*Asks:* 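Below you will find the structure I want to go over with you.
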Amino acid sequence: MTQRLSAKPTTRRGVPAAALATRAVHAGRDDLADLGLHAAPLDLSTTYPSRDSRGEAARLDVLGTGEICPGPPVYARISNPTVARFEEALAELEGCETAVAFASGMAALTACLLASVSAGKPHVVAVRPLYGSSDHLIDSGLLGNEVTFVEPEKAATALRPDTGLVIVESPANPTLNEVDLRELAEACAPVPLLADNTFATPVLQRPAEHGARLVLHSATKFLGGHGDVLGGVIACDEEYARTLRQIRFLTGAVLHPLAGYLLLRGLSTLPLRVRAASATAAELANRLARHPAVGRVYYPGRDHQRPAMQMASGGALVSFETIGDPHAVISAVRLITPAVSLGSVDTLIQHPASISHHIMDPQDRAATGISDRLLRMSVGLEDVEDLWEDLDQALRACAAPSAPIHRTAASRV
Ligand SMILES: *Cc1c(COP(=O)(O)O)cnc(C)c1O
């Protein structure tokens, strides 16, 4: 099925809009042929020489407001041309005006929280579950914000005059819980909705089309796609981006140019990777649901006999509860990589209560539906039969001896 990018009739460089798969390959690179280049240039400069200090001072006045200013960046903490290509491409795929890249997903979330706090709106309304560190960052008050956790239907009633942000993940990490983004955005307007789109990627869902003002990615995951680059990005409107660029400049949470290069390259195969992994994940979810060693299976579109909410398909993650000891599965997989993180070309499996959501308070974790028997698997590009063979033998290992499941306590930072 050809997926059209509806939001923009033409791209910033005046190239006619095309299907998502086409733009994933060309966005951020439309000028390369005119430059006589094929691969995007990687600019590692930390500083940019100029013999015109007066001109630079004038440019700094503009850059200091967070506005993009043509010409060299002056200093690498302000901006970088390779990173800017990735930002332009991701913004286009998400259907947003612009994007601001950061050193990691957590740095991107930090910038949004600081933006709210510095605007005098430190209160956050958040829908659980969220990625463990995101949950802990907003819950800890480390950045001076205060949080009310709510069910999506109650978000509007939790708003206060000092609410600066509504935060949601759909599908959520790790239960793959889905939220109707349009309903939430409309109920909370005019407070900006920040939707973490790390799991769905713009291939399966574009939250800005449903009213989210800020679209966050841990670019470390599917956007990079090969488990070798750490990064984060916020796609948004130009007005909000100016604040984020100021914060990035002053806090120094910049994305390294090599990471920007790898992320731009990752985008070119994003549609292929996400669609292929998603098809395999759907098949594995079906088989897991029939496996005698498996309890509940979490996969978007499975629970309520309805298609996945606002997603083109269920995505590449499957979570499931084991009947026996989940730790036994982690130690028994051979082809599947037992590791945290997700969105790589290889299949990864991890135990959220021990790793990705370990930092949460155990009571909060349980109340959020993250059981101690839950495993989260990020499906990669291996053959489905090979993956199933490995999963099946690992599940048999966990079902065999009746080892007691050991509970993990959270460590707080
Ligand atoms: C990994 C992750 C993050 C944090 O991103 P980092 O790049 O690790 O800082 C945020 N949200 C979700 C949903 C994630 O999976």
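Numbers for residues simply follow the sequence, beginning at 1. When a ligand or atom number is given, it counts from 1 through the structure's own listing order. The model shown is predicted, which means the values in this text are computed figures rather than measured ones.
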*Asks:* Identify the closest protein heavy atom to atom 8 (O) of ligand 1: which residue and atom is it, and at what distance?
*Replies:* Ser218 OG, 4.0 Å
*Asks:* Looking only at protein heavy atoms, which one is nearest to atom 13 (C) of ligand 1, and how far off is it?
*Replies:* Asp196 OD2, 3.3 Å
*Asks:* Thr98 and Arg245: side-chain donor and acceptor closer than 3.5 Å?
*Replies:* yes
*Asks:* Could you find the nearest protein heavy atom to atom 4 (C) of ligand 1 and give me its residue, atom name and distance?
*Replies:* Tyr131 CE2, 3.5 Å
*Asks:* Among protein heavy atoms, which lies nearest atom 9 (O) of ligand 1, and at what distance?
*Replies:* Met106 N, 2.9 Å
*Asks:* Going by atom types alone, do Ser356 and Gln350 pair a side-chain donor with an acceptor below 3.5 Å?
*Replies:* yes
*Asks:* Side chains of Asn197 and Arg206 only: does a donor on one sit below 3.5 Å from an acceptor on the other?
*Replies:* no
*Asks:* Near Glu169, which atoms of ligand 1 are under 4.0 Å from a heavy atom of that residue?
*Replies:* 13 (C)
*Asks:* Looking only at the side chains, is there a donor atom on one of Ser278 and Ser313 sitting less than 3.5 Å from an acceptor on the other?
*Replies:* yes
*Asks:* Short N/O distance, under 3.5 Å, between Gly105 and ligand 1?
*Replies:* yes
*Asks:* What residue and atom, counting heavy atoms only, is the protein's closest point to atom 15 (O) of ligand 1, and at what distance?
*Replies:* Lys221 NZ, 2.8 Å
*Asks:* Excluding sequence neighbours, so at least two apart, what forms ring pair (Phe, Tyr, Trp, His ring centres under 6.0 Å) with His291?
*Replies:* Trp388
*Asks:* Will you find, in the side chains of Ser344 and His226, an N or O donor that is under 3.5 Å from an N or O acceptor?
*Replies:* no
*Asks:* For ligand 1, which atoms, with element, lie under 4.0 Å from some heavy atom of Gly231?
*Replies:* 7 (O)
